[in-house]
Amino acid sequence: MTPGKETDLIMIRLDHANMLPATDVAATIVAGSHAGNVDLVVMAGAILKENGVLKGGDAVFDEATASRDRLFHAAGLPLPV
């Protein structure tokens, strides 16, 4: 990382039960991690997830719900309850 450049960064917690003993960190991340282990995500200098919590996460869920509703409507199916 150098000044004036955009940097993407992901930090993964290794102290969760599914990540232990993490003797081979790369293998542990590839084979055993999931989204819940991601503590921090920075893209182009913007923090998207911090302390394990999505920033502006509701917008993502709202967009996904709207997309699902459009697909169900286009297929003539009733929306799930």
Side-chain angles (χ1 to χ4, degrees):
M1 296 187 284
T2 58
K5 295 186 179 177
E6 293 184 349
T7 301
D8 297 341
L9 175 68
I10 297 173
M11 295 183 76
I12 299 173
R13 296 192 61 94
L14 296 174
D15 60 348
H16 292 171
N18 67 305
M19 302 295 281
L20 297 174
T23 52
D24 181 341
V25 174
T28 300
I29 290 170
V30 170
S33 67
H34 54 70
N37 299 120
V38 178
D39 190 60
L40 176 73
V41 176
V42 180
M43 288 182 58
I47 297 174
L48 302 180
K49 187 173 187 178
E50 187 173 25
N51 297 320
V53 178
L54 285 174
K55 302 293 181 182
D58 290 344
V60 171
F61 297 118
D62 293 343
E63 289 177 27
T65 300
S67 178
R68 178 208 59 197
D69 293 351
R70 282 192 303 276
L71 291 170
F72 273 70
H73 178 71
L77 298 171
L79 289 174
V81 178

Salt bridge (Lys or Arg N to Asp or Glu O under 4.0 Å) contacts in which one or both residues fall within residues 40-50, not counting sequence neighbours: Glu50-Lys55
Set of side-chain contact (heavy atoms from CB on, under 4.5 Å) partners for Ser67, sequence neighbours left out: Arg70, Leu71
Step-by-step side chain to side chain contact (heavy atoms under 4.5 Å, CB included) determination, Leu40 to Ile47: CA-CA 8 Å; Leu40 176 73; Ile47 297 174; 4.1 Å; yes
Heavy-atom side-chain proximity of Leu79 to Asp69 below 4.5 angstrom: yes
Connected hydrophobic set around Val81, excluding itself, where side chains approach under 4.5 Å: none
Sidechain-backbone polar pair: His16 side chain, Asn18 backbone, donor-acceptor under 3.5 Å: no
Those residues that, when tested against Pro80, pass side-chain contact (heavy atoms from CB on, under 4.5 Å) (two or more places apart): Arg68, Phe72
side-chain hydrogen bond (donor to acceptor under 3.5 Å, both in side chains) involving Asp24 - partner list, sequence neighbours excluded: none
Asp39: partners by side-chain hydrogen bond (donor to acceptor under 3.5 Å, both in side chains), with sequence neighbours left out: none
Connected hydrophobic set around Val41, excluding itself, where side chains approach under 4.5 Å: Ile10, Ile12, Leu14, Met19, Val25, Ile29, Val38, Met43, Leu48
Whichever hydrophobic residues join Leu20 through chains of side-chain contacts under 4.5 Å: none
